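Notes follow the structure.
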2 protein chains.
Amino acid sequence: MMAPKIKDVAKQAGVSVTTVSRVLNGEKYVKDDLKIRVQRAIDELGYSPSHIARSLVRKKTNLIGVIVPDVTSSFYSTILSTIEKTASHNDYNLLVCNIIEDTDKELKYLQVFQQMRVDGIIIMHEKLNDEIRELLNKLSIPIIFSSVKPVDQKFMSVIIDDYAAAYDATRHLIELGHTRIGFLGGDMRDITSGQNRYAGYCRALADCGIDVPEGYIRFGDYKTQSGYEKMKEMLTQESYPTAVFAVSDDMAVGALNCIHDHGLRVPEHLSVIGFDGSQLTEQVRPRLTSMQQPILEMGKVTVDKLLELIEDQKDSPTEDVILQHKLVVRDSCKNLKSSVEA
Amino acid sequence: MMAPKIKDVAKQAGVSVTTVSRVLNGEKYVKDDLKIRVQRAIDELGYSPSHIARSLVRKKTNLIGVIVPDVTSSFYSTILSTIEKTASHNDYNLLVCNIIEDTDKELKYLQVFQQMRVDGIIIMHEKLNDEIRELLNKLSIPIIFSSVKPVDQKFMSVIIDDYAAAYDATRHLIELGHTRIGFLGGDMRDITSGQNRYAGYCRALADCGIDVPEGYIRFGDYKTQSGYEKMKEMLTQESYPTAVFAVSDDMAVGALNCIHDHGLRVPEHLSVIGFDGSQLTEQVRPRLTSMQQPILEMGKVTVDKLLELIEDQKDSPTEDVILQHKLVVRDSCKNLKSSVEA
DNA sequence: CTGAAAGCGCTTACAG
DNA sequence: CTGAAAGCGCTTACAG
């Protein structure tokens, strides 16, 4: 049995399809009795309007394409969930693409988004190759970046000040009396989460006249596994730091585990500070001190801004939105000064 | 500037739209020179075919609607990522809905899926109310359940044998010499992950003639937080168990943390076994012994089976797929027997 | 091998 | 307040 179409409803109700369309769209100027007849026909037939036919004529799909680096990451899964919530709240639906560093897949998805005529696109990574940049630029679909700010982009980003956040995180360790401060960094091809966080770390050290051996600085891929491995490299050196700043909570947890497996204790032997403020911070012991991004707000603002871009159409203000970061102290950092006094 | 349409391409190439459509769809029976002219016109114009117009006539959207209880859960985020991977591999795209126990949202999404004319639906929870059941039954869209088997459903499920898995997990603790075995359960309105796992636990105890105080048995909502709270209730009793079986890794981690915060150690004072085999098991210390679901396989098989349903159309075999569970021993359970001998 | 025409299921001027 | 008709951007018989 074919699904009923608007024509069937019209016949059943004894009106024109135009009228059915009108009550479907809640227009006024339909007499009550007709409205009722139409409604009854709809119910009797179990009619459900085709969103796709509708999209074709309205030139609006209410679809948002989302590109996430990795949904299993504690940070991205959380931001995705609030993006979904906000979108759904505004009657938009999400087409999600999980690219696992797979550039071909990303390109393909971007093309799919184009063909699907999504109303907007949210991108949450910054490792854009030339082919992708080119496509992005000719796409004529509103695009917004969330949590990252790729270089050379005309698109709006919703981010924190990663440089300042990394600076503040490092300063926190310094204020606790640490001078041998290791760094578990991200991918230096990433401006936002790679370079900026590294620069913040370096600057904080420099401002305090602290020098750090090369071996204290390692770069990974933000994941737990790489945090573990890079920490391991650090621990197997002759000398190792008294504190480590990891640029993601996942990496920090990897470091936590590595330290534990090496028979050392956090924060007694080694302090660890993470970045993101994801739910993982509370799921591990010791609970992880972390530089928190306002994840929920970030997701919400991203969607809100994107919807503005979609609705406005015109020369939308491309100004970035910078949200506030915030240090959340938990149990993974030791105060060297107070222990001296004690 | 309006996006070019097939008509523009046809004009540019000096052929009919039919011919353009043919080369677009890779049909043979198009002379090479025409094919080349069309291709050039497409490139010059930057033409991207409208998937939505296409869907309208083909009556196929290549869309799969997915209903996830909570993408931030370690289990669901992982299964979602493999579902996405498999779908994308087969040129299907995902419309994801994150229902957070929000029945209204779920119903609304189901209706959206219907209006979107998705080709298939994947549902990963079993708390179906009457309204939703009714809609599901008249939907005439292939539906498949993943990781759960709701009661009274004619739809196919891809699951493990939760009863057996819970039985085996409990038996593992018994074999290690435990007799005071607590239970951190799920929602008893859930057949699969609530009732079945509880039944498996009870049966294992019964088979070994073990009796357990009522206070050793608590029910939560699968999340870390509730694992923590329920464990706390157990620990503040006069007597508490020597081992606990939690029906999700997230809950088990909550238990781990609670035990830690109470100054007790795992597994020395208390053993903990989880369920799911999610990545969390390796992210915590001690690493969590867990009854593993084949998450990746489960996601893949779910999509594969759904695609079969979509392609077959006919009276598709509704037989459930039962995947193998597997105990993965890590560091969170103590062998009471060997410690006696030691 | 190629094209004119009908049709997918809606909405939206336009007329009345 | 209501309806006939055109059109959204494609694909698919049908003819040739």
Side-chain angles (χ1 to χ4, degrees), chain A residues 1-39 41-42 45-63 111-112 114-119 140-141, chain B residues 1-39 41-42 45-63 111-112 114-119 140-141:
Chain A
M1 202 184 79
M2 286 298 292
K5 23 206 91 163
I6 197 172
K7 205 172 163 187
D8 303 317
V9 176
K11 197 172 299 173
Q12 176 96 342
V15 298
S16 72
V17 299
T18 311
T19 299
V20 176
S21 174
R22 283 196 181 107
V23 350
L24 244 28
N25 294 296
E27 281 177 38
K28 34 199 172 186
Y29 305 135
V30 181
K31 258 191 192 154
D32 282 347
D33 61 326
L34 282 197
K35 201 177 293 182
I36 290 168
R37 263 159 55 199
V38 169
Q39 196 53 60
I42 289 175
L45 267 37
Y47 171 72
S48 166
S50 163
H51 183 87
I52 112 147
R54 202 172 247 181
S55 299
L56 185 60
V57 16
R58 283 190 188 159
K59 293 171 176 318
K60 180 129 184 358
T61 55
N62 279 55
L63 247 29
Q111 283 161 175
V112 169
Q114 184 182 195
Q115 296 183 178
M116 288 280 193
R117 305 296 193 253
V118 299
D119 293 332
S140 82
I141 297 175
Chain B
M1 200 185 79
M2 284 299 291
K5 25 206 89 161
I6 197 171
K7 206 172 163 184
D8 302 317
V9 176
K11 196 172 297 172
Q12 177 97 341
V15 297
S16 72
V17 297
T18 311
T19 299
V20 176
S21 174
R22 284 197 179 104
V23 349
L24 243 30
N25 293 295
E27 281 179 39
K28 34 199 171 187
Y29 305 135
V30 181
K31 260 191 191 154
D32 282 346
D33 62 323
L34 281 197
K35 203 177 290 183
I36 290 169
R37 264 159 56 199
V38 169
Q39 196 53 60
I42 289 175
L45 266 39
Y47 170 71
S48 165
S50 164
H51 182 87
I52 109 147
R54 203 171 248 185
S55 299
L56 185 59
V57 17
R58 283 191 188 158
K59 294 174 176 315
K60 181 126 181 9
T61 54
N62 280 53
L63 246 31
Q111 283 160 175
V112 169
Q114 185 183 193
Q115 296 182 177
M116 288 280 192
R117 304 297 191 251
V118 300
D119 293 333
S140 80
I141 297 175

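All values derive from a computational prediction rather than experimental measurement. These values consider heavy atoms only, across backbone and side chains, with no hydrogens, waters or symmetry-generated copies. Within every chain, numbering begins at 1; the chains are lettered A, B, ... in the order of the sequence lines, protein sequences first and strands thereafter.
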Of all the choices, dC10(C), dG3(D), dA13(D), which nucleotide is nearest to the side chain of T18(A) once you look at every atom? dG3(D)
Roughly how far, to the nearest 0.5 Å, is OG of S50(B) from CG of L56(A)? 6.0 Å
Check the distance between dG9(C)'s P and D8(A)'s CG and give it to me in whole angstrom. 9 Å
Separation of atom NZ in K7(B) from atom P in dG3(C), rounded to whole Å: 16 Å
Between dT11(D), dT2(C), dA13(C), which nucleotide gets closest to the side-chain atoms of I6(B)? dT11(D)
By the 4.0 Å heavy-atom rule, please label L34(A) as base, sugar-phosphate, or nothing. sugar-phosphate
To the nearest angstrom, how far is Y47(B) atom OH from dG9(D) atom C1'? 7 Å
Among the nucleotides dT11(C), dG3(C), dG9(C), whichever has the atom closest to the side chain of L24(A) is dT11(C)
From C-beta outward on T19(B), which listed nucleotide comes closest to its side chain: dC10(C), dG3(C), dT11(D)? dG3(C)
Length of the CD1-P vector between I42(A) and dC10(C), whole Å: 10 Å
Regarding S21(B) and T18(B), is there a side-chain donor-to-acceptor distance under 3.5 Å anywhere? no
Each base of DNA chain C marked ( ) or [ ] if paired in-strand (Watson-Crick or G-U under 3.5 Å), | if paired to another strand and . if unpaired gives |||.||||||||.|||
When you measure from the side chain of S16(B), which nucleotide among dA4(C), dC10(C), dC10(D) comes out closest? dA4(C)
Return the 5'-most residue of the pair A53(B), R22(B) with respect to DNA chain D, ranking by each residue's nearest nucleotide. A53(B)
Name the closest nucleotide to the R58(A) side chain, picking from dG9(D), dT11(C), dG3(C). dT11(C)
Can you give each donor-acceptor pair under 3.5 Å made by side-chain atoms of residues 6-15 of chain B, sequence neighbours left out, with the distance rounded to 0.1 Å?
from   : atom 1 : to     : atom 2 : distance (Å)
D8(B)  : OD2    : K5(B)  : N      : 2.8
Q12(B) : NE2    : E44(B) : OE1    : 2.5

Could you say whether V30(B) or V20(A) is positioned toward the 5' end of DNA chain C, judged by the nucleotide with the nearest heavy atom to each? V30(B)
Heavy-atom neighbours of K31(A) NZ exceed 12 at 6.0 Å: no
Side-chain (H51(B)) to main-chain (T61(B)) donor-acceptor, under 3.5 angstrom: yes
Please report, rounded to the nearest Å, how far the P atom of dC10(D) is from the CE atom of M116(A). 14 Å
In whole Å, what is the span from the NZ atom of K35(B) to the C1' atom of dC1(C)? 11 Å
Between H51(B) (NE2) and dT11(D) (P), how many Å, whole number? 11 Å
Ignoring the backbone of L56(A), work out which of dC10(D), dC8(D), dT11(C) is nearest its side chain. dC8(D)
So for R117(A) and dG9(D), does any side-chain atom that can act as donor or acceptor lie under 3.5 Å from a complementary atom in the base? no
Separation between CZ (R117(A)) and NZ (K59(A)), nearest 0.5 Å, reads 8.5 Å
Starting at atom CD of Q115(A), determine the distance to atom P of dC10(D), rounded to an integer number of angstrom. 10 Å
Would you indicate, yes or no, if dT11(C) has its OP1 or OP2 atom less than 4.0 angstrom from a side-chain nitrogen or oxygen of S21(A)? yes
Hey, does the side chain of K59(B) come within less than 4.0 Å of dG9(C)'s phosphate (OP1/OP2), counting only N and O? yes
Using 0.5 Å steps for rounding, measure from the CG atom of L24(A) to the CZ atom of R22(A). 12.5 Å
Rounded at 0.5 Å granularity, tell me how far CG in L63(B) sits from CG in D119(B). 7.0 Å
